[in-house]
S.K.: 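Below you'll find the structure I mean.
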Number of protein chains: 2
Amino acid sequence: MNLKKNSLHDHNSCRQKVMEAAKAYCEQKRLKLTPVREAVLNMLLNEHQALGAYEILEGLRVAGFSAQPPVAYRALNFLRDIGFVHKIEQLNSYIACYHPDMSHSPVFLICQSCNDITEKSIDRHKDEFSIMADETGFQITNLVLEAKGTCQACLANL
Amino acid sequence: MNLKKNSLHDHNSCRQKVMEAAKAYCEQKRLKLTPVREAVLNMLLNEHQALGAYEILEGLRVAGFSAQPPVAYRALNFLRDIGFVHKIEQLNSYIACYHPDMSHSPVFLICQSCNDITEKSIDRHKDEFSIMADETGFQITNLVLEAKGTCQACLANL
DNA sequence: ATATGATTTGTTATGTTATAACATTCACTA
DNA sequence: TAGTGAATGTTATAACATAACAAATCATAT
């Protein structure tokens, strides 16, 4: 499992905070964080890493939910819509967002050695891609910013 | 088809230049731009848009090549390795690169309205993602930078 | 309280994307 | 011209994702 990250912060409290934020957000927006949706978010927060849709589906099955693919994809898409889950396009997998702040675009650093994924944020509207897009009159609705490579810890162990 | 781009430049000469560049590159590196590989690159250059692997496979079938999936994927991966084709991760599709310059990272602006894809370049090592990665000691081997949205022409037609 | 409309969930089936594994052919060169 | 490594052919299957429709649940306005 991902010991490195766990050692860097209090994973439990971090997880709880995000879950509460999700509940508050849904309440405020009159959206429903139903049992399936909460279970999916919880699973992603627990793992603290990217999971494939079918891994999530297996988790749902174990937890007693219906385990047909649409169940997982619906929950994932709901959570993505509200910004608490992101898809890692290069891995076809999904990861919880620990700072669901709409004014920032997520940036992912994917370590090919330890499979750890670090989420960074860049200031929307100030980054050079947004600027580049502005220059050509392109209106961005979604940004995918992913870097694959080797993280510091793994570089040190080479 | 993609009239907008065709009107912006001499598509034919552009296509030929890239194909020649690919041939020169392979010759220099002692790599083989075999018939299948050339056919795939040619198809992508002709279309001047992103194609799915199975569309390419169908093109190969029509051209008389073997049309099992591995044939297309192998050719695509070869062309990606040498930098003449990129994968658009958000679309699971592949597009020819018109400025295969290793010191630049490709950036794609994907218009959801007209399906046009514009490739931009950013200076590797100077962009803020590389800088962000450097700060955390992350060594990037591959960058995926894709923006979905609406292009200028389509915005004007709303 | 209850009809009604909207949202969510269940379920079946299928579509789409990609790779594993191994056999065969080809091109080079020793 | 035999041996080697690269490329291709081929079969099968894995992995990812959605369409379509039925059933249940929920919200709320009368």
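Here is the naming used below: chain letters follow the sequence lines, and residue numbers restart at 1 for every chain.
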S.K.: Indicate if A/M132 and B/F108 have the same hydrophobic cluster label, given that clusters are the connected sets of ILVMFWY residues with side-chain heavy-atom separations under 4.5 angstrom.
M.R.: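 No, it is not one cluster - the side chains of A/M132 and B/F108 are not joined through contacts under 4.5 Å.
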S.K.: Please give me every residue in residues 50-68 of chain A whose heavy atoms get under 4.0 Å of an atom in DNA chain D, ordered by residue number.
M.R.: A/Y54
S.K.: Would you mind telling me which residue lines up with the more 5' stretch of DNA chain C, B/P69 or A/R37, judged by nearest nucleotide?
M.R.: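 Whichever sits nearer the 5' end wins; that is A/R37.
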S.K.: Tabulate below the donor-acceptor pairs under 3.5 Å that side-chain atoms of residues 78-94 of chain A make, not counting sequence neighbours, or state none.
M.R.:
unit_1: A/H86; atom_1: NE2; unit_2: A/E119; atom_2: OE2; d: 3.4
unit_1: A/Q90; atom_1: NE2; unit_2: A/E146; atom_2: OE1; d: 3.2

S.K.: Can you give me the first and the last nucleotide of DNA chain C (5' to 3') that has an atom within less than 4.0 angstrom of a non-hydrogen atom in chain B?
M.R.: C/dT17 to C/dA21
S.K.: Would you jot down, in residue-number order, the residues of residues 77-91 of chain B having a non-hydrogen atom under 4.0 Å from DNA chain C?
M.R.: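 Within residues 77-91 of chain B, the residues near DNA chain C are B/K87.
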S.K.: Suppose the criterion is side chain to side chain donor-acceptor pair (under 3.5 Å): which pairs have a residue in residues 57-72 of chain A, not counting sequence neighbours?
M.R.: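 For residues 57-72 of chain A, and leaving out neighbouring residues, the side chain to side chain donor-acceptor pair (under 3.5 Å) pairs sorted by first residue read A/E58-A/R61.
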S.K.: Considering non-hydrogen atoms only, spot the tightest contact between A/L33 and A/M19 and give its length.
M.R.: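 In terms of heavy atoms, the two residues are closest at CD2-SD, 4.2 Å.
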S.K.: Describe, in one word, how the ring planes of A/Y54 and A/Y73 are oriented to each other, choosing from parallel (under 30°), tilted (30 to 60°) and perpendicular (over 60°).
M.R.: perpendicular
S.K.: Indicate the atoms forming the closest heavy-atom contact of A/C97 with A/V18, along with that distance.
M.R.: O-CG1, 3.6 Å
S.K.: Is the shortest side-chain N/O distance from A/Y94 to OP1 or OP2 of D/dA17 below 4.0 Å?
M.R.: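 Answer is yes, contact under 4.0 Å.
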S.K.: To check you understand the geometry: which heavy-atom pair defines the closest contact between A/A72 and A/A53, and what is its length?
M.R.: CB-O, 3.9 Å
S.K.: Under 3.5 Å between N/O atoms: give me all the protein pairs with nucleotides 19-29 of chain D, atom names plus distance.
M.R.:
unit_1: D/dA20; atom_1: N6; unit_2: A/R74; atom_2: NH2; d: 3.4

S.K.: Going by distance alone, is a donor N or O of one side chain under 3.5 Å from an acceptor N or O of the other, for B/N12 and B/R15?
M.R.: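 The criterion, which ignores hydrogens and geometry beyond distance, is satisfied for B/R15 and B/N12.
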